[in-house]
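By convention in this document, chain letters (A, B, ...) are assigned in the order of the sequence lines, proteins followed by strands, and residues within each chain are numbered from 1. In this text the structure is predicted, and so the values were computed from the model without any measurement.
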Amino acid sequence: MAKLPFSFYLNTDVNSLARQLIGKMLFTQIDGEITAGIIVETEAYAGIEDKASHAYGGRLTDRTKTMYLKGGVSYVYLCYGIHNLFNVVTGPLNTPHAVLIRGVEPVIGTEIMLQRRGMALLKPNLTAGPGALSKALGIDRTFNAKDLTGEEIWIEDGWDVDTESIVAAPRVGVGYAADHALLPWRYYIKGNRFVSKPNS
DNA sequence: GAGTAGATCGGCT
DNA sequence: GCCGATCTACTCG
């Protein structure tokens, strides 16, 4: 097992990258406690031309400026005032492409994840859904703009998922994006229990 | 099990 | 002021 190299994140094709991230292992280390899970669901957000993206039309604010960074850092932002959503920034500098991680399957530190979520039993909803997985892995806004090859959060190779097990479907919760809402830019492992609810 | 409301921050119209 | 890349708790059947 080795961390994915910096060059992995510089791919300019977000959709290709979103698909490649399926089956990878996402790690966090907080106060010496390591938790990790296999990525089973992602969504691609393609820069300034994607109406569902925060960077649509070149929008640049304190929050979204992270997306304009060089690939290989995290973009964590607050949604609905409550949930921290974790994205992987990809592509070269000033190309605001990002991949939203929507679901992981717990592998390492399951006890710690349960504790963070205040749950007693391991159920799929521990880490199914972007808000849920962030909380389980201990990701909050202090992880924004972190180097994904560092010591606090990183990604390694995980499962070998064959192409036929990866399904492409429309993205979730972006109905407002009009003609871009139906693009099949959501990817997930067919039949996996930790894929978020709507659809699957 | 399905449907609805509440939580609560950043960025628009 | 309203709505969003959401989740949970609470109601009613």
Inset, instruction - May I ask you to evaluate whether A:Arg102 reaches the phosphate of C:dT6, defined as a side-chain N or O under 4.0 Å from OP1 or OP2? - result: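 True: A:Arg102 side-chain N/O within range (under 4.0 Å) of C:dT6 OP1/OP2.
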Nearest-angstrom distance from the residue atom [atom1] of [X] to [atom2] of [N]:
X	N	atom1	atom2	result
A:Lys135	B:dT8	NZ	P	12 Å
A:Asn125	C:dA9	CG	P	9 Å
A:His54	C:dT6	NE2	C1'	12 Å
A:Phe194	C:dC7	CZ	C1'	17 Å
A:Leu85	C:dC7	CG	P	8 Å

Inset, instruction - Could you tell me which nucleotide pairs with B:dT8 by Watson-Crick or G-U wobble geometry, both distances under 3.5 Å, or answer none if nothing does? - result: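 The answer is none; no pair meets the criterion.
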Inset, instruction - Find out whether the Lys NZ or Arg CZ of A:Arg171 is both under 6.0 angstrom from the six-membered ring centre of A:Tyr45 and within 45° of the ring's axis. - result: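 Flagged: A:Arg171 positioned over aromatic ring of A:Tyr45.
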Inset, instruction - Salt-bridge test for A:Glu111 and A:Arg116: reply yes if a basic N is under 4.0 Å from a carboxylate O, no otherwise. - result: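 No, A:Glu111 and A:Arg116 are not salt-bridged.
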Legend entry - Pairing of A:Lys24 and A:Glu156 as salt bridge, 4.0 angstrom limit: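 A:Glu156 and A:Lys24: not salt-bridged.
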Please tell me which of the listed nucleotides, [options], lies nearest to the side chain of [X]?
X	options	answer
A:Arg59	B:dG11, B:dA7, C:dC7	B:dG11
A:Ile82	B:dG10, B:dA7, C:dC7	B:dA7
A:His83	C:dT6, B:dC12, B:dT8	C:dT6
A:Thr61	C:dC7, C:dT6, B:dG11	B:dG11

Inset, instruction - Measure the spacing between CG of A:Asn144 and CG of A:Leu69 and express it to the nearest 0.5 Å. - result: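 That separation rounds to 8.5 Å.
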Inset, instruction - Answer with base, sugar-phosphate or nothing: what part of the nucleic acid does A:Leu78 contact at a heavy-atom distance below 4.0 Å? - result: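 Sugar-phosphate contact only - A:Leu78 comes under 4.0 Å of backbone atoms but never of a base.
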